[in-house]
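Please read the structure below before turning to the comments.
Model, not experiment: these values are computed from the prediction. Order of the sequence lines sets the chain letters (A, B, ...), proteins ahead of strands, with each chain counted from 1.
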Amino acid sequence: MIPGTFDYHAPATVDEAIRLLGELGDEAKLLAGGHSLLPMMKLRFASPKHLIDLNRIGALKGIREQSGMIHIGAMTTENELIASALLREKCPLLPEAAKWISDPQVRNCGTLGGDIAHGDPGNDHPAVMMAVDAVFVLQGPRGERLIVADRFFHGLYYTELAPDEILTEIRIPAVSKGTGYAYCKLKRKTGDFATAAAAVQLRLDGGVCKKINIALTNVAPTALKAGDAEMSLTGKVIDEALIEQAARKAMAVCDPAEDQRGNRDYKTHMAGEMTRRAIRQALARAKGN
Amino acid sequence: MAKQHIVFSLNGGVVEILVEPRTLLIHALRETLGQTGSHIGCETSHCGACTVDFNGKSVKSCTVLAVQADGGEVLTVEGLAHNGALHPVQEGFMQEHGLQCGFCTPGMLIRAYRFLQENPSPTDEDIRMGMSGNLCRCTGYQNIVKAVQYAANKLRATQGA
């Protein structure tokens, strides 16, 4: 399988990439890690006339801390996230989830920004981004704008990103003391997308849950925030009965598509189970901190 | 579309070729450069038969464009042996019967080569995780894990660790 014909562009700067995107318009696609786009091009699900490769733009890579926020270049790869000591300390949910994505070779190419901007509900980072209160930096010809992860995903392969914009950076608040986290993912085999997965990050103060984020992967046209489940735990001392109640509330927002991974009931049930496990693990970790 | 001129290092030598932008690295290696050691398996980045070492990292060359290799360094299974002496990973797969039909082996070898630089003293579990992007349909993996351990031991011994 070979993709259809296209012209290849490899800009060295973000400005050059934005200029190219403006000139080439709808006929261009941005190439990040390529492990979603190139397979789609081979299958003719996508036939862009131009590819703008972001891999040679050094400014889009790297992880740094600035005033309590972790700034991650959109072209930072999954394996770079996993290897980052800064992330393990300040945003541990992100490298934990990245370990569950595909396999070592794919993680050398796949990028955080690509995983987010593709808008595929099977990708893991959208839910993780909601769980860690991430902010995305979108850069276009009119300058840059910021948008929170909760408001970025509109539908299947449909995001807030305008056709002339590039997701350049992801900003995540560093975790504070008493934070627990977990990403629980059910998948059939290495390399598969999640049947269902839950990302949880919570903060305890004196045993009371001050804040909790719960987000779900691959059980709706976009990653989902389980708002009612979060509310049912906020301000409480979390016990098994409350976890069960929260899992039920998380299941209530699921709207999965039936496929080889299972029917709607099964996937919804698994989303509930992943939610239970993720809350329990996050709680145990928060108590250990 | 016009072909593009690309130059990259392949197994220590410099190669220059003309490729269409849509040409995948695996096709450039096999068809343009005649290096047929790397295999085409699933073509969907699952099986790992096309794994090559690119700029010091393992990648699946069915999902990398040849134009992206311009200016880079590529190592394939053909580059592992030196002066007729097998690389320890090759020796390990031979000694421990880490292959049957051999189709997945070039990808297994080049992945094992890089994995053992990332983790020179792996546990069996580390090997299973580190090699999880390479599928074998014959051996059941037991002997592949043993082969990689054999190579790890040999590499540590020769490097005087």
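For a residue to count as touching a neighbouring chain, one of its non-hydrogen atoms must lie under 4.5 Å from one of that chain's; by this rule Leu43(A) does not touch chain B. Of the atoms belonging to Thr51(B), it is side-chain heavy atoms, and not backbone ones, that fall under 4.5 Å from chain A. With a 4.5 angstrom heavy-atom cutoff, Leu51(A) touches chain B only via side-chain atoms. With a threshold of 4.5 angstrom between heavy atoms, Cys47(B) does not approach chain A through any atom at all. For Arg111(B), the part lying near chain A is the side chain, with the backbone staying farther off; criterion is any non-hydrogen pair under 4.5 Å. Within the 4.5 angstrom heavy-atom criterion, no atom of Lys99(A) approaches chain B. Using a 4.5 Å cut-off between heavy atoms, Gln68(B) touches chain A through backbone and side chain atoms alike.
A donor and an acceptor atom, one from each side chain of Tyr183(A) and Thr217(A), are located under 3.5 Å apart. Side-chain contact, His27(B) with Glu20(B): no donor N or O sits under 3.5 Å from an acceptor N or O. His87(B) and His82(B) form no side-chain donor-acceptor contact under 3.5 Å, judged by distance and modelled atom types alone.
The residue among Gly71(B), Gly48(B), Cys62(B) with the most heavy atom pairs within less than 4.5 Å of chain A is Cys62(B). With respect to chain A, the highest number of heavy-atom pairs below 4.5 Å among Leu135(B), Leu65(B), Ile40(B) belongs to Leu65(B).
Not one N or O on the side chain of Arg88(A) forms a donor-acceptor pair closer than 3.5 Å with the backbone of Pro95(A).
His50(A) has its ring centre no less than 6.0 Å from the ring centre of Phe6(A).
Salt bridge status for Asp103(A) with Lys60(B): present, with a side-chain N to carboxylate O gap under 4.0 Å.
In this structure, Arg128(B) forms no cation-pi arrangement with Tyr141(B), as its terminal cationic atom is not both closer than 6.0 Å to the ring centre and no more than 45° off the ring axis.
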